[in-house]
K.L.:
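Here it is, the structure, as structure tokens.
Below, chain A is the first sequence line, B the second, and so on; all start at residue 1.
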Amino acid sequence: MPELPEMETYKTLLRPRIVGFPITGIDVQREKSINVPVREFRERVQRRTVTDVSRRAKHLLIHLDSGDVLLAHLMLGGKLFYGTESEKPRRTTQVVLSFGERNLYFIGLRLGYLHVLTVGEAERRLSDLGPDPLDPSLTEERFFRALAGKRTALKSALTDQKTISGIGGCYSDEICFEAGLKPTRKVDSLSVEDVSALYRAMRVVLEEAIRFGGYMETPLFVGDTLTGGFDRRCKVYDRGGEPCVRCGRPLLQDEIVSRKTFYCANCQR
DNA sequence: AGGGCAACCCGGACGC
DNA sequence: TGCGTCCGGGTTGCCC
């Protein structure tokens with residue numbers, strides 16, 4: 001479930017810890033999590049130095065001095081932990097990158113993965129993604145055009161990675177609540193003012209989520225007080241039946257294309 | 001264009 | 001405590 005703010009938080013916290021450092025060891029505990037034979041993975045990754053950590057949509061990119069890129073997608077429930085073996089939470093780990101005594105653990109990857117790719121391959125893999133919601137070049141005008149002509153439910157459009165990338169189940173609901181729009185609304189029924197409100201809500205919600213470290217419950221490292229701070233600030237996600245923070249009426253749980261959706265029927269139109 | 005569906009995968013929740 | 005079962009979630013791809 002990690003979405004844009006969670007991956008952005010990981011990026012920010014990982015940068016000072018692994019950029020400039022060599023990967024001293026590799027441990028692949030589940031081969032399905034990687035894209036090449038273990039031997040090749042080790043040859044391409046071990047002893048390479050990390051030159052940068054970046055994010056694209058829900059992907060985390062670890063750039064190596066060889067030019068290769070480690071592309072991670074945590075899908076549902078995957079998480080990262082950085083620290084020593086004794087600090088690591090007792091969870092099943094699929095891939096471990098060692099940085100001396102400390103390790104970067106990829107935990108609970110199910111459909112998630114850590115792929116080693118050339119820059120070109122990585123670019124191709126990410127080329128279908130729509131604009132990043134926080135990209136300064138995504139103006140309100142461009143956002144309007146991205147949604148133009150769509151007849152889907154608002155939630156479907158917001159979570160469609162080709163339309164706009166990085167938003168998943170939680171933040172689509174939070175953004176709709178902030179904008180005062182029902183996630184079930186058809187996109188082509190939205191007024192110019194609605195789309196404008198949606199655009200502002202998208203930025204407000206995602207920026208606040210990033211400021212508070214997203215909603216991941218497990219800290220990235222021992223003493224990490226940033227990660228997960230947004231969890232308590234979610235206003236509708238996974239709160240079906242609970243009172244709306246604005247009007248007090250119970251929040252509804254609905255389903256849009258077989259995805260759980262939460263909203264307030266009173267505050268959202 | 002977009003909805004429906006199956007496939008992928010397994011941690012966690014639930015039942016007994 | 002332990003075992004079995006089932007579900008969910010993002011993404012891709014295919015069909016209608």
K.L.:
Starting the side chain at C-beta, find the nucleotide from B:dC8, B:dG2, C:dG8 nearest to A:Leu111.
P.N.:
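Closest of the options to the side chain of A:Leu111: B:dC8.
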K.L.:
Specify whether A:His59 and A:His73 have parallel, tilted or perpendicular ring planes, treating 30° as the upper limit for parallel and 60° as the lower limit for perpendicular.
P.N.:
perpendicular
K.L.:
How would you label the contact of A:Gly169 with the nucleic acid (heavy atoms, under 4.0 Å): base, sugar-phosphate, or nothing?
P.N.:
sugar-phosphate
K.L.:
I want to check one thing: is the phosphate of B:dC9, taken as OP1 and OP2, less than 4.0 Å away from some side-chain N or O of A:Lys32?
P.N.:
yes
K.L.:
Take atom CE of A:Met75 and atom C1' of B:dC8, then tell me their distance rounded to the nearest Å.
P.N.:
9 Å
K.L.:
A:Leu74 has an atom CG; how far is it from atom P of C:dT11, in whole Å?
P.N.:
11 Å
K.L.:
Please report the distance, rounded to the nearest Å, between CZ in A:Arg30 and C1' in B:dC10.
P.N.:
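Roughly 8 Å, once rounded to whole Å.
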K.L.:
Starting at CG of A:Leu129 and ending at C1' of C:dG10, how long is that distance when rounded to a whole Å?
P.N.:
12 Å
K.L.:
Using the ring of A:Phe177 (Phe, Tyr or Trp, six-membered ring only), decide whether A:Arg246 places NZ or CZ under 6.0 Å from its centre and within 45 degrees of its axis.
P.N.:
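Yes, A:Arg246 sits over the ring of A:Phe177.
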K.L.:
Measure CG/A:Leu109 against C1'/C:dG8 and give the value in whole Å, please.
P.N.:
16 Å
K.L.:
Please check the phosphate of C:dG8 (OP1 and OP2 only) for any side-chain N or O of A:Lys260 closer than 4.0 Å.
P.N.:
no
K.L.:
Heavy atoms from C-beta onward define the side chain here; which of C:dT11, B:dG2, B:dC9 lies closest to that of A:Gln161?
P.N.:
C:dT11
K.L.:
Taking the six-membered ring of A:Phe212, is the NZ or CZ of A:Arg233 close enough (under 6.0 Å from the centre) and on axis enough (within 45°)?
P.N.:
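The answer is yes; both the distance and angle limits are met.
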K.L.:
Using a cut-off of strictly less than 4.0 Å, decide whether A:Thr92 has a side-chain nitrogen or oxygen near OP1 or OP2 of B:dG11.
P.N.:
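Affirmative; the distance criterion is met.
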K.L.:
Within the structure, does a side-chain N or O atom of A:Lys186 lie under 4.0 Å from either OP1 or OP2 of B:dG2?
P.N.:
no
K.L.:
Side-chain donor or acceptor of A:Arg110 under 3.5 Å from a matching atom on the base of B:dG11?
P.N.:
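By the distance-only test, yes, there is a pair.
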K.L.:
What's the spacing between A:Gln268 CD and A:Cys176 SG if we round to 0.5 Å?
P.N.:
6.5 Å
K.L.:
For C:dT11, does either OP1 or OP2 sit under 4.0 Å from a side-chain N or O belonging to A:His73?
P.N.:
yes
K.L.:
How close or far is atom P of C:dG10 from atom OH of A:Tyr171, stated in whole angstroms?
P.N.:
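Going from OH in A:Tyr171 over to P in C:dG10 covers 13 Å.
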K.L.:
Could you state the atom-to-atom distance from OH of A:Tyr237 to C1' of C:dG9 in whole Å?
P.N.:
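Value for this atom pair: 8 Å.
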K.L.:
With rounding to the nearest 0.5 angstrom, report the CD to OH distance, A:Gln253 to A:Tyr263.
P.N.:
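Going from CD on A:Gln253 over to OH on A:Tyr263, the span is 10.5 Å.
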K.L.:
Let me know the distance between NE2 of A:His115 and C1' of C:dG10, rounded to the nearest Å.
P.N.:
14 Å
K.L.:
Pick base, sugar-phosphate or nothing for A:Arg125, based on heavy-atom distances below 4.0 Å to the nucleic acid.
P.N.:
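The answer is nothing, as A:Arg125 stays clear of every strand by at least 4.0 Å.
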